[in-house]
Number of protein chains: 2
Amino acid sequence: MQVQTNYDLTTILAGFRSLSDPIRLSVVELLQAQELCVCDLCEKLDISQSKLSFHLKILKEAGLIRPRQAGRWIYYSLNLPQFVVLEQYLSEYRRFSPVLPARVCKD
Amino acid sequence: MQVQTNYDLTTILAGFRSLSDPIRLSVVELLQAQELCVCDLCEKLDISQSKLSFHLKILKEAGLIRPRQAGRWIYYSLNLPQFVVLEQYLSEYRRFSPVLPARVCKD
DNA sequence: AAATTATTTCAATTCAAGTTGATGCAAGTT
DNA sequence: AACTTGCATCAACTTGAATTGAAATAATTT
């Protein structure tokens, strides 16, 4: 409740959901090193193109990656600010963590 | 690939998946303030007990929360180290990322 | 020991997410 | 203009996750 009224929860949820799939996690790990086009990713991950496209869309809609068109290739790269948003969301848990005693459950 | 061979990818995935559901995110936000028993969470979230129990189990298995039994109540609290693991996983993207020039949208 | 309370588990159902192959589209090539 | 290439989208299908109500368990009280 007190953690972040300043973040958009929907975006946070979409971000975590995007990163909760092994293929998508592999994608961002590959993109972490360098910008890659779809066919590169396809090859490196050894999955079908339409399957990859599906996952790229989810990552893109979560704001974690962004496309750049160059001729007929589309290069994807990480959108770091969105990673930072997620990172900072998580950091709030640590930062404001209580040293409060447990509430006693009494009726 | 290059990001973290030192993390267990399965744990990371489970962590993100756990945080990708609105109910579970609400749970950890409530627990961020203080330890709570199941009945408290149930009441605050206004959901059925079995439903909550299902989500608590997922969070617990992801290592994000942990139970503490006191009599017939079970108090759940955050397991901060696991939040830190996720936070640090995300931070690696920022830290080792190639410094790209800010791209200006020219539409 | 029976009754009560807090919580988990189970089986059945519903709903959302992932996969597949085909089709469409836009950019580049001939 | 027709053809190819790189990618996205669609519809049908398969799989997995979430919800529900009922039953099971376990600690507590009477």
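What's counted below: heavy atoms across the whole structure, side chains too, no hydrogens, waters or symmetry copies. Here is how names work: the chains are called A, B, and so on, in the same order as the sequence lines, proteins then strands, and each is numbered from 1.
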Rounded off to whole Å, could you give me the CZ-to-C1' distance for the B/R68 and C/dA6 pair? 15 Å
Expected rows: protein N/O vs nucleotides 1-3 of chain D N/O, under 3.5 Å:
none

Tell me: CG of A/L45 to C1' of C/dG18, nearest whole Å? 15 Å
Could you pick out which residue, A/R17 or A/I74, lies toward the 5' side of DNA chain D when each is mapped onto its nearest nucleotide? A/I74
Let me know, please, whether A/W73 or B/K60 comes out on the 5' side of the other along DNA chain C by nearest nucleotide. B/K60
CD of B/E29 to CD of B/Q32, rounded to nearest 0.5 Å, is 8.0 Å
Output, in order, the C-alpha distance, side-chain angles, deciding distance and verdict of side chain to side chain contact (heavy atoms under 4.5 Å, CB included) for B/D40 and B/L30. CA-CA 10 Å; B/D40 284 336; B/L30 285 169; over 6 Å; no
Quick check: does any side chain N or O of A/S26 sit under 3.5 Å from a backbone N or O of A/P22, one acting as donor and the other as acceptor? yes
Between C1' on D/dA18 and CG on B/L59, what's the gap in Å once rounded to a whole number? 14 Å
A/K57 NZ to C/dT19 P, straight-line distance once rounded to whole Å: 15 Å
Counting N and O atoms only, with roles assigned by atom type, does the side chain of B/Q69 sit under 3.5 Å from a partner on the main chain of B/G71, one being a donor and the other an acceptor? yes
Assign A/C37 to base, sugar-phosphate, or nothing according to its heavy-atom contacts below 4.0 angstrom with the strands shown. sugar-phosphate
Write down the distance between CG (A/D46) and C1' (C/dT19), rounded to a whole number of angstrom. 15 Å
Given C/dT9, D/dG6, D/dA18, which nucleotide is nearest the side-chain atoms of A/C39? D/dG6
Starting at CD1 of A/I12, measure out to OG of B/S20 and round the result to the nearest 0.5 Å. 12.5 Å
Do B/L64 and B/F54 sit in one hydrophobic cluster, given that two such residues count as connected whenever their side-chain heavy atoms are within less than 4.5 Å of each other, even indirectly? no
Summary of protein contacts for nucleotides 20-30 of chain D, nucleotide by nucleotide, where a base hit scores B, a sugar-phosphate-only hit scores S (4.0 Å, heavy atoms): BBB----BSS-
Might you point out which heavy atoms bring B/L45 and B/V27 nearest each other, and give the distance in Å? CD1-CG2, 3.6 Å
A/N79 (side chain) donor-acceptor with A/G63 (main chain) under 3.5 angstrom: yes
A/S91 side chain to A/Q88 main-chain N or O, any donor-acceptor pair under 3.5 Å? yes
In whole angstrom, give the distance that lies between atom CD of A/Q49 and atom P of C/dG24. 15 Å
What's B/L52 touching, base or sugar-phosphate or nothing? Going by heavy atoms closer than 4.0 Å. nothing
Ring-plane angle category for A/F16 and A/Y89, please: parallel below 30°, perpendicular beyond 60°, tilted otherwise. perpendicular
Is B/H55 close enough to D/dT19 that one of its side-chain N or O atoms is under 4.0 Å from OP1 or OP2 there? yes
Between A/V28 and A/L52, is there shared hydrophobic-cluster membership here, with clusters defined by ILVMFWY side-chain heavy atoms closer than 4.5 Å? yes
Would you kindly give the CZ-to-C1' distance between A/F16 and C/dA17, to the nearest whole Å? 19 Å
If you restrict it to nitrogen or oxygen atoms, what contacts under 3.5 Å exist between nucleotides 13-16 of chain D and the protein, and what is each distance?
none

Does B/R24 reach the main-chain N or O of B/S18 with its side chain, forming a donor-acceptor pair under 3.5 Å? yes
How many Å lie between CZ on A/R24 and P on C/dT19, as a whole number? 9 Å
What contact category does B/Y76 fall into here, base, sugar-phosphate, or nothing, at under 4.0 angstrom with non-hydrogen atoms? sugar-phosphate
